[in-house]
Amino acid sequence: MGFSKRLHCLRWNSRKTGLQEAGVAVVKRKGATTRPESIGRVLLAWYARSKRDLPWRASSPDPYAVWVSEIMLQQTQVERVREFFVRFMERFPTVHDLAAAREPTVLKYWEGLGYYRRARQLHAAAKQIVHEHGGEFPRTVEGLRSLPGIGRYTAGAIGSIAFDLATPIVEANSRRVIARLVGHAAPLDGPGGDEPIWEIAAGLVPPRHPGRFNQALMDLGAMICTPKLPLCSRCPLASACVAHQTNRVAAIPAQAKRRPVKQVQETAVVLRHGESVLVERRGPGEWWEGLWDFPRGSGTAAKRGRRLGLVTYSVTHHRIECAVREQIMTRRTTPTKAQRWVKVTSLDALAMTAPGRRIARLVARSGD
DNA sequence: AAGTCGGGGAC
DNA sequence: GTCCCAGACTT
């Protein structure tokens with residue numbers, strides 16, 4: 001379907017749109033900026049003068065750089081990704097460098113960023129691209145989605161930004177922008193989810209500069225159309241925004257219902273022999289798979305040894321209090337397959353979990 | 001449709 | 001403390 005045809009289907013003032021069937025409020029006004037092509041023009045103009053200066057935009061549209069950045073940005077704020085991206089690209093400048101690397105090395109460069117499955121899938125996908133696609137990225141949305149770690153959003157992002165495919169994206173920013181723009185008040189985590197938002201996004205993305213348009217949606221959401229206290233007075237789409245025009249910006253999108261936090265108490269044991277400590281790598285099915293940590297348990301672990309401190313941290317609906325104890329060994333126990341005795345000064349070389357890294361600092365300090 | 005995966009910064 | 005974040009994947 002051509003762009004103009006699709007435009008017609010999605011005209012906001014049309015009586016027979018899929019938007020109505022999807023339960024989306026229809027804009028009654030016929031203001032000039034309410035038409036999708038006008039939205040695109042206004043947004044692209046705003047983007048040209050207001051876009052954020054981000055390291056992965058310097059080399060774009062290098063598909064590899066776009067891909068790495070998009071994986072890092074999944075559920076992770078832009079400002080945190082910046083330095084990780086720069087370091088990662090210095091170490092793995094091309095998909096061939098990444099494919100040739102060992103997984104522990106890749107995880108080390110991901111340490112602290114979270115969601116480590118992303119790093120393992122990125123590495124696996126790099127090998128696929130090199131060994132099954134001749135080092136070339138798939139240039140279709142379907143091809144991109146077949147790679148591990150690339151879902152609906154990321155395929156749309158890479159496709160539009162790197163390959164100029166007129167395909168939509170919906171993530172935290174554009175979801176909020178579009179919901180407010182059309183006055184979509186239904187909760188986006190309820191029945192139907194954000195499928196209506198995807199349909200609207202598909203009707204908005206222009207045939208020319210789709211990547212810039214999608215990035216403009218995200219920048220607008222991050223800089224102007226923020227979750228709290230949005231800067232509507234500076235928004236280029238304010239005149240077309242249903243939420244703004246009806247004074248419902250604060251209520252849209254509806255808040256997702258949050259789940260209760262589970263309290264957990266556990267004990268970490270630092271077995272020490274001379275300058276070495278015992279660490280173990282998290283295995284399949286465990287949190288932080290592939291990363292190193294100290295032996296820990298939530299059961300009634302041995303409470304022997306000197307207390308080094310208390311490490312508290314939160315992960316996904318859990319709040320954990322971890323008591324850290326040190327036991328001086330007269331000899332090294334035989335490590336299991338997932339364990340290693342490591343010099344305290346060599347812990348830096350391992351990819352460790354964030355709590356494990358904090359425990360490591362406790363250990364290093366206790367030796368002073 | 002719901003649960004799971006991390007971490008840090010803003011407030 | 002709570003909320004938020006350029007989602008993907010499994011069950």
Side-chain angles (χ1 to χ4, degrees), chain A residues 51-52 54-57 60 66-85 107 110-122 124-125 144-162 168-178 187-195 197-198 201 211 213-223 225-229 253 255-263 282 284-291 293 311-320 351-358:
Chain A
K51 66 181 175 187
R52 290 175 288 182
L54 303 173
W56 46 92
R57 287 177 177 171
S60 72
V66 172
W67 172 49
V68 170
S69 71
E70 289 301 339
I71 300 299
M72 286 188 170
L73 285 161
Q74 289 169 3
Q75 288 293 286
T76 308
Q77 292 176 337
V78 166
E79 290 310 313
R80 297 221 26 252
V81 168
R82 279 184 189 271
E83 53 186 283
F84 281 90
F85 175 82
L107 284 174
W110 209 271
E111 181 186 317
L113 200 52
Y115 290 111
Y116 299 94
R117 182 169 57 181
R118 295 183 297 178
R120 289 185 280 107
Q121 289 176 326
L122 187 77
L144 289 165
R145 279 199 75 164
S146 71
L147 294 170
I150 298 184
R152 190 176 185 181
Y153 160 77
T154 305
I158 299 173
S160 63
I161 297 171
I169 56 150
V170 172
E171 42 64 74
N173 292 300
S174 55
R175 178 183 296 114
R176 183 175 57 252
V177 169
I178 291 174
L188 296 174
D189 64 338
D194 55 12
E195 185 58 34
I197 306 297
W198 277 99
F213 176 84
N214 285 338
Q215 292 180 89
L217 274 180
M218 295 190 281
D219 277 21
L220 190 72
M223 302 165 72
C225 195
T226 51
K228 296 171 183 173
L229 302 178
Q255 278 219 339
K257 52 177 180 286
R258 55 181 183 276
R259 292 209 304 284
V261 174
K262 195 176 188 176
Q263 308 282 341
R282 299 292 183 123
E286 293 186 288
W287 286 357
W288 300 290
E289 179 182 346
L291 274 74
D293 203 342
V311 172
T312 64
Y313 59 96
S314 297
V315 300
T316 323
H317 308 126
H318 297 265
R319 177 176 172 76
I320 296 106
M352 298 194 77
T353 70
R357 182 60 69 197
R358 290 168 61 187

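Atom set for the values below is all heavy atoms of this structure, side chains included, hydrogens, waters and symmetry mates excluded. To find a chain, count down the sequence lines: A is the first, B the second, and so on, and within it residues start at 1. Predicted model only: the values in this text are computed from it and were never measured.
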message: Over all strands shown, is Ala354(A) touching base, sugar-phosphate only, or nothing at heavy-atom distances under 4.0 angstrom?
response: sugar-phosphate
field: For Thr154(A), all residues meeting side-chain contact (heavy atoms from CB on, under 4.5 Å), sequence neighbours excluded
entry: Glu70(A), Ile71(A), Gln74(A), Ile150(A), Ile158(A)
Interatomic distance, Tyr115(A) atom OH to Gln121(A) atom CD [nearest 0.5 angstrom]: 13.0 Å
query: Using a cut-off of 4.0 Å on non-hydrogen atoms, how would the nucleic acid contact of Arg145(A) be classed: base, sugar-phosphate, or nothing?
result: nothing
- prompt: When all nucleic acid strands are considered with a 4.0 Å heavy-atom cut-off, which category describes Val81(A): base, sugar-phosphate, or nothing?
  reply: nothing
query: Base, sugar-phosphate, or nothing: which does Leu54(A) touch, judged by heavy atoms less than 4.0 Å apart?
result: base
- request: For dC11(B) versus dA6(C), give the span between their C1' atoms, rounded off to a whole number of Å.
  value: 22 Å
message: Any base atoms under 4.0 Å from Asp219(A), or only sugar-phosphate, or nothing? Heavy atoms, all strands.
response: base
query: What integer number of Å spans the C1' atoms of dC3(C) and dG7(B)?
result: 14 Å
message: Without decimals, in angstroms, what is the distance between Asp194(A) CG and dA2(B) P?
response: 14 Å
- prompt: Among all residues two or more places apart in sequence or in another chain, which pass the side-chain contact (heavy atoms from CB on, under 4.5 Å) test with Arg80(A)?
  reply: Thr76(A), Phe84(A), Leu113(A)
task: Please round to the nearest 0.5 Å and tell me the distance separating atom CD1 of Ile161(A) and atom CE of Met218(A).
output: 5.0 Å
query: What is the nucleic acid contact for Gln121(A), judged by heavy atoms within less than 4.0 Å: base, sugar-phosphate only, or nothing?
result: sugar-phosphate
- prompt: CD of Glu286(A) versus P of dT4(B): gap in Å, rounded?
  reply: 16 Å
Set of residues satisfying ring pair (Phe, Tyr, Trp, His ring centres under 6.0 Å) with respect to His317(A), sequence neighbours excluded: none
query: On a whole-Å scale, what distance lies between the C1' atoms belonging to dT2(C) and dG8(B)?
result: 14 Å
query: Under the side-chain contact (heavy atoms from CB on, under 4.5 Å) test, which residues partner Arg82(A), sequence neighbours left out?
result: Leu54(A), Pro55(A), Glu79(A)
Residue whose nearest DNA chain C nucleotide is more 5′ - Gln255(A) or Ile150(A): Gln255(A)
Non-neighbouring partners of Glu289(A) that pass salt bridge (Lys or Arg N to Asp or Glu O under 4.0 Å), sequence neighbours left out: Arg120(A)
task: Find the distance Lys228(A):NZ to dG9(B):C1' and express it as a whole number of Å.
output: 12 Å
query: When all nucleic acid strands are considered with a 4.0 Å heavy-atom cut-off, which category describes Arg52(A): base, sugar-phosphate, or nothing?
result: base
- request: Describe the nucleic acid contact of Ser174(A) in one word from base, sugar-phosphate, nothing, applying a heavy-atom distance below 4.0 Å.
  value: nothing
query: Between atom CG in Leu291(A) and atom C1' in dG6(B), what is the gap in whole Å?
result: 10 Å
- prompt: Between the main-chain N or O of Ile197(A) and the side-chain N or O of Arg175(A), is there a donor-acceptor pair closer than 3.5 Å?
  reply: no
field: Nearest-nucleotide comparison on DNA chain B, the residue closer to the 5′ end among Asp189(A) and Pro355(A)
entry: Asp189(A)
message: Under the rule for salt bridge (Lys or Arg N to Asp or Glu O under 4.0 Å), what residues qualify as partners of Arg52(A), not counting sequence neighbours?
response: Asp219(A)
- request: Quick one: list whatever passes side-chain contact (heavy atoms from CB on, under 4.5 Å) with Thr353(A), sequence neighbours left out.
  value: Trp288(A), Leu291(A), Asp293(A), Arg296(A), Pro355(A)
message: Please report the distance, rounded to the nearest Å, between CZ in Arg80(A) and C1' in dA10(B).
response: 13 Å
- prompt: For Glu195(A), which residues count as a salt bridge (Lys or Arg N to Asp or Glu O under 4.0 Å) partner, sequence neighbours excluded?
  reply: Arg152(A)
query: Does Thr316(A) make a side-chain donor-acceptor contact with the base of dG3(B), cut-off 3.5 Å?
result: no
message: Check this one for me: any side-chain N or O of Arg259(A) less than 4.0 Å away from OP1 or OP2 of dA2(B)?
response: no
- prompt: OP1 or OP2 of dG7(B) sitting under 4.0 Å from any side-chain N/O of Trp288(A)?
  reply: yes
query: First and last nucleotide of DNA chain C in contact with chain A, 5' to 3', at under 4.0 Å to a heavy atom: what are they?
result: dG1(C) to dC9(C)
- prompt: When you compare dG9(B) with dA8(C), how far apart are their C1' atoms, in angstrom units rounded to a whole number?
  reply: 24 Å
field: Contact nearer the 5' end of DNA chain C, comparing Gln77(A) with Gly149(A)
entry: Gln77(A)
field: Runs of at least three consecutive pairs that involve DNA chain C, where pairs are Watson-Crick or G-U with distances under 3.5 Å
entry: B:1-5 with C:7-11
task: Go through residues 112-119 of chain A and report each residue with a non-hydrogen atom lying under 4.0 Å from DNA chain C, sorted by number.
output: Tyr115(A), Arg117(A)
All salt bridge (Lys or Arg N to Asp or Glu O under 4.0 Å) counterparts of Arg357(A), not counting sequence neighbours: Glu111(A), Asp348(A)
task: By nearest nucleotide on DNA chain B, pick out whichever of His318(A) and Lys257(A) is the more 5' one.
output: Lys257(A)
- prompt: Looking at side-chain heavy atoms only, is the closest gap between Arg358(A) and Tyr313(A) below 4.5 Å?
  reply: yes
